[in-house]
Amino acid sequence: MRLVTWNVAGRVGRQPEQTQAIAATGADLVALQEVTVRTLPLWRAALADSGLPACETALEPHPAAGGAGAVRSPAVRRGRLLGVLTAAREPLVRLPAPSDVPWPERVLCCLAGDVEVVNLHSPISPAPDLAKVLTHEALAAYLAADDGRPRILCGDLNTPRRELADGDVLTFAHDSAGRLRPERGERWDRAERALVHGLRAEGWVDAFRALHGYGERQASWTFAHDRGGWRLDHVLVDGLRPVASAYAHEWRRAGLSDHSALVVDLAR
């Protein structure tokens with residue numbers, strides 16, 4: 001299985017080029033973040049034309065919640081315009097996402113065959129009402145319930161601030177000097193660590209670092225001219241084995257998005 005996860009930055013004018021880049025990878029499964037109501041129909045049509053006809057989006061409510069197909073979700077009415085989308089070559093079955101996620105348009109759970117795919121776009125740290133912390137806590141609790149099937153967590157997790165050579169991380173609960181920020185504190189730190197670090201204690205594998213180690217700095221989002229930045233975009237797997245993984249930094253450098261896509265090949 002080849003997976004592409006990419007924050008496409010809600011771009012309309014570059015969407016055809018984004019599609020071409022994804023199609024050229026031959027992906028079996030695509031997880032997009034920052035899809036909007038305006039770009040959703042463009043993505044659905046383009047992905048179907050690229051051989052990925054199965055498509056689900058958290059911009060639409062889960063059928064069990066009623067109102068399926070109504071793109072103008074409560075999130076859109078409240079001004080939160082960015083959602084996630086998952087597409088595949090084979091049929092997808094949408095699963096209910098954790099009910100305690102504060103921004104439900106940012107989390108999408110689907111079955112692709114017997115593999116559960118969780119597509120996440122974490123709120124950024126300045127988001128109000130502890131949205132980032134609550135999102136990471138809810139996803140960590142959801143993923144702690146292991147039903148035995150293979151699972152993928154992918155997307156823009158908006159963490160960590162820094163990866164250390166021993167595999168540990170510093171979260172955005174810390175400042176640039178590595179000091180814990182008192183206005184964020186230990187709960188914030190635990191919440192961000194829960195996915196990118198804590199899941200590893202439960203047997204999850206970071207599909208990029210498992211193959212490339214922690215010796216080389218990587219950033220999937222940078223400031224202009226590749227200055228600084230952070231590795232915010234991830235694929236973590238449970239019950240699957242990464243056999244290849246690489247960031248498509250050239251897509252970001254070409255201006256297709258402000259994020260690099262992550263392309264991962266997975267095997268049983």
Side-chain angles (χ1 to χ4, degrees), residues 1-9 18-34 47 50 52 84-90 108 110 112-113 115-122 139 143 149-169 193 195-222 226 229-254 256-268:
M1 175 193 298
R2 174 163 289 180
L3 165 67
V4 174
T5 182
W6 195 14
N7 181 326
V8 293
Q18 291 174 330
T19 301
Q20 291 172 7
I22 292 171
T25 69
D28 303 294
L29 188 64
V30 173
L32 302 181
Q33 301 85 47
E34 295 202 11
L47 291 167
S50 301
L52 298 152
V84 296
L85 175 152
T86 302
R89 295 190 180 277
E90 303 300 327
L108 181 63
C110 294
V115 178
E116 181 173 2
V117 182
V118 179
N119 182 356
L120 169 63
H121 181 195
S122 170
L139 263 293
L143 295 172
R149 60 191 172 202
R151 295 179 292 175
I152 300 170
L153 170 64
C154 60
D156 177 0
L157 275 54
N158 266 314
T159 195
R161 172 184 280 278
R162 189 179 308 154
E163 295 175 290
L164 306 180
D166 63 358
D168 203 356
V169 298
R193 290 176 61 88
L195 299 181
V196 294
H197 188 269
L199 286 177
R200 285 187 261 150
E202 306 300 323
W204 288 70
V205 173
D206 182 319
F208 182 80
R209 290 302 183 193
L211 298 176
H212 300 281
Y214 286 85
E216 179 184 357
R217 180 187 173 277
Q218 288 278 341
S220 60
W221 183 96
T222 71
D226 269 353
W230 306 284
R231 191 173 79 95
L232 306 177
D233 302 271
H234 302 268
V235 172
L236 295 119
V237 297
D238 178 28
L240 296 168
R241 179 170 54 90
V243 295
S245 61
Y247 284 97
H249 295 306
E250 66 274 15
W251 300 359
R252 171 177 52 79
R253 291 166 182 152
L256 298 186
S257 174
D258 55 350
H259 285 252
S260 299
L262 178 55
V263 183
V264 175
D265 290 344
L266 299 168
R268 297 282 181 169

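Residue numbers count from 1 along this sequence.
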Quiz prompt | Atom pair CG/CD1 of L236 and I152 - distance to nearest 0.5 Å | solution = 10.5 Å

Quiz prompt | Rounded distance (nearest 0.5 Å) linking atom CD of Q218 with atom CG of D233 | solution = 11.5 Å

Practice problem: Look only at the side chain of Y247 and the backbone of F208, and say whether a donor-acceptor pair between them is shorter than 3.5 Å. | Solution: no

Quiz prompt | For D226, all residues meeting salt bridge (Lys or Arg N to Asp or Glu O under 4.0 Å), sequence neighbours excluded | solution = R252, R253

Exercise. For D206 and Y214, work out which heavy atoms get closest and say how close.
Key: OD2-OH, 4.4 Å

Quiz item: So which heavy atom on S257 is nearest to which on Q18, and how close?
Solution: CB-NE2, 4.3 Å

Quiz prompt | Where N158 and S122 come nearest, the two heavy atoms and their spacing | solution = ND2-O, 2.7 Å

Practice problem: Identify, with sequence neighbours excluded, every residue that meets side chain to side chain contact (heavy atoms under 4.5 Å, CB included) alongside D258. | Solution: A9, R11, W221

Self-check item: Sub-4.5 Å side-chain heavy-atom contact between D28 and E90
Solution: no

Quiz item: Yes or no on side-chain hydrogen bond (donor to acceptor under 3.5 Å, both in side chains) for S220 and H259, after CA distance, side-chain angles and deciding distance?
Solution: CA-CA 5 Å; S220 60; H259 285 252; 4.7 Å; no

Quiz item: For E250, does the CD atom sit with more than 12 other heavy atoms under 6.0 Å from it, leaving out its own atoms?
Solution: yes

Practice problem: Can you measure from CG (L232) to CG (L262) and round to the nearest 0.5 angstrom? | Solution: 12.0 Å

Quiz item: With a 4.5 Å limit on heavy-atom distance, are the side chains of V115 and L266 in contact?
Solution: no

Exercise. Go through the structure and list residues passing side chain to side chain contact (heavy atoms under 4.5 Å, CB included) with A207, not counting sequence neighbours.
Key: V235, P242, V264

Quiz item: Does any non-hydrogen side-chain atom of L195 lie less than 4.5 Å from one of L143?
Solution: yes

Exercise. Please answer whether the main-chain N or O of G155 pairs with a side-chain N or O of N119 as donor and acceptor at a distance below 3.5 Å.
Key: no

Quiz item: Does a salt bridge link D168 with R193, judged by any charged N lying under 4.0 Å from a carboxylate O?
Solution: yes

Quiz item: So, for V4 and A261, which heavy atoms are closest and what is the spacing to 0.1 Å?
Solution: CG1-CB, 4.3 Å

Quiz item: Ignoring hydrogens and geometry, is there a side-chain-to-backbone donor-acceptor pair from T25 to A27 under 3.5 Å?
Solution: yes

Quiz item: What residue pairs, at least two apart or across chains, pass salt bridge (charged side-chain N to carboxylate O under 4.0 Å, His left out) with a residue in residues 152-163?
Solution: E163-R209, E163-R231

Practice problem: Of all the heavy-atom pairs spanning A21 and L256, show the shortest one and how long it is. | Solution: CB-CD1, 4.3 Å

Quiz item: Does H212 reach the main-chain N or O of S245 with its side chain, forming a donor-acceptor pair under 3.5 Å?
Solution: yes

Quiz item: Looking at D265 and R2, does any basic side-chain N land under 4.0 Å from a carboxylate oxygen?
Solution: yes

Quiz item: Would a 4.5 Å heavy-atom cut-off, applied to side chains only, mark L29 and T86 as touching?
Solution: yes

Quiz item: So how far is it from I22 CD1 to S50 OG, rounded to the nearest 0.5 Å?
Solution: 8.0 Å

Quiz item: For R217, what residues pass the side chain to side chain contact (heavy atoms under 4.5 Å, CB included) criterion, not counting sequence neighbours?
Solution: A219

Quiz item: Rounded to the nearest 0.5 Å, how far apart are CG of L164 and NE2 of H197?
Solution: 8.5 Å

Quiz item: W6 and S260: which non-hydrogen atoms are nearest, and at how many Å?
Solution: CD1-C, 3.9 Å

Exercise. Kindly indicate whether the side chain of P150, heavy atoms from C-beta on, has any atom under 4.5 Å from the side chain of V237.
Key: no

Quiz item: Under the side-chain contact (heavy atoms from CB on, under 4.5 Å) criterion, do L120 and L157 qualify, and how do the steps go?
Solution: CA-CA 7 Å; L120 169 63; L157 275 54; 4.1 Å; yes

Exercise. For residues 234-243, pull every pair meeting side chain to side chain donor-acceptor pair (under 3.5 Å), keeping only residues two or more places apart or in separate chains.
Key: R151-D238

